[in-house]
Amino acid sequence: MPDEPKEQNVYSSGDLATLLKVQESTVRKYAGMLQEAGYTFLKNEYGHRGYLDRDVIVFKRLIEIKNHPDMTLKRAVNAVMAWVKESNIVGHDTTDIAENVQY
C-alpha cells in the first residue's frame, strides 16, 4: 500500500506564537522578513497567512540562528533562506515540535 500524504496542520499567527513562545507581532515581523527574502506562505483569499508544519520548522531555525551572538535578524533570515534552499523540509512534520498540542 503506497504511503498516503499526511494531513497538514495549519496554524494561525497566534497558534505559531504560542508554539514558539514569542509574541504574535514577532511572528508577523519574521514572516514579513522571510517573505521579502523569497519565502512563500500559504495565504487565504483575504491574504492572511496560514502556517504549515514546514513553516514551524523554518521559524524555529530562524529563532535558533538569530540567538547566536553577533547575529542580526537580517543575517539570520538570509542564513535560513540558504538553509531552506539546500534542505527539503517539506516532508517533515512537527509532531515533536508541537508537542502534540492541537489548536
Side-chain angles (χ1 to χ4, degrees):
M1 175 181 257
D3 287 340
E4 293 183 23
K6 286 188 174 185
E7 184 176 314
Q8 285 283 313
N9 293 317
V10 179
Y11 305 96
S12 69
S13 56
D15 296 337
L16 190 56
T18 300
L19 278 173
L20 300 173
K21 297 177 178 69
V22 298
Q23 296 295 317
E24 193 172 343
S25 60
T26 301
V27 169
R28 288 192 301 269
K29 177 181 178 178
Y30 291 0
M33 292 183 77
L34 285 165
Q35 243 179 265
E36 286 176 16
Y39 192 84
T40 56
F41 292 99
L42 174 70
K43 290 189 178 183
N44 68 13
E45 64 272 15
Y46 303 108
H48 299 139
R49 293 182 197 102
Y51 301 97
L52 301 174
D53 292 334
R54 67 181 175 94
D55 302 325
V56 176
I57 295 168
V58 169
F59 274 85
K60 280 194 129 338
R61 183 77 171 175
L62 175 60
I63 291 167
E64 178 184 304
I65 293 171
K66 176 194 77 64
N67 287 334
H68 286 155
D70 301 323
M71 180 61 76
T72 66
L73 182 55
K74 184 159 179 62
R75 286 178 48 209
V77 166
N78 291 335
V80 166
M81 288 303 295
W83 174 75
V84 166
K85 289 173 184 167
E86 290 174 6
S87 304
N88 178 17
I89 62 165
V90 177
H92 290 69
D93 76 27
T94 55
T95 304
D96 58 320
I97 293 170
E99 301 171 346
N100 296 318
V101 176
Q102 293 294 319
Y103 292 96

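The pair Lys60-Glu64 fails the salt-bridge criterion, with no side-chain N (NZ, NE, NH1 or NH2) lying under 4.0 Å from an Asp/Glu carboxylate O.
Ile65 contributes atom CD1, which lies 4.5 Å from atom CZ of Arg61 (distance to the nearest 0.5 angstrom). Rounded to the nearest 0.5 angstrom, Phe41 CZ and His48 NE2 are separated by 15.0 Å. Atom-to-atom distance recorded for Thr26:OG1 and Phe59:CZ is 10.0 Å, nearest 0.5 angstrom. Here the straight-line distance linking atom NZ of Lys43 with atom CD of Gln35 works out to 4.0 Å at 0.5 Å rounding. Taking CG from Leu62 and CG from Leu34, the interatomic distance works out to 5.5 Å, rounded to the nearest 0.5 Å. The structure places OH of Tyr51 at 10.0 Å from CG of Leu20, a figure rounded to the nearest 0.5 Å.
The shortest heavy-atom contact between Gly38 and Met81 is C-CE, 3.7 Å. A pairwise comparison of heavy atoms in Arg75 and Asp70 identifies NH1-O, 3.1 Å as the closest pair. Taking every heavy atom of both residues into account, Asn9 and Tyr11 meet most closely at ND2-OH, 3.3 Å. The two residues Arg28 and Arg49 have their closest heavy-atom pair at O-NH1, 4.2 Å.
Judged by distance alone, the side chains of Asp15 and Thr18 never bring a donor and an acceptor atom under 3.5 Å apart.
When side chains are defined from C-beta on, Leu16 does not count as touching Val22, because their heavy atoms never get closer than 4.5 Å. Looking at heavy atoms from C-beta onward, Lys29 lies in side-chain contact with Leu73 at the 4.5 angstrom threshold. Taking 4.5 Å as the limit, some side-chain heavy atom of Tyr39 sits within range of a side-chain heavy atom of Asp55.
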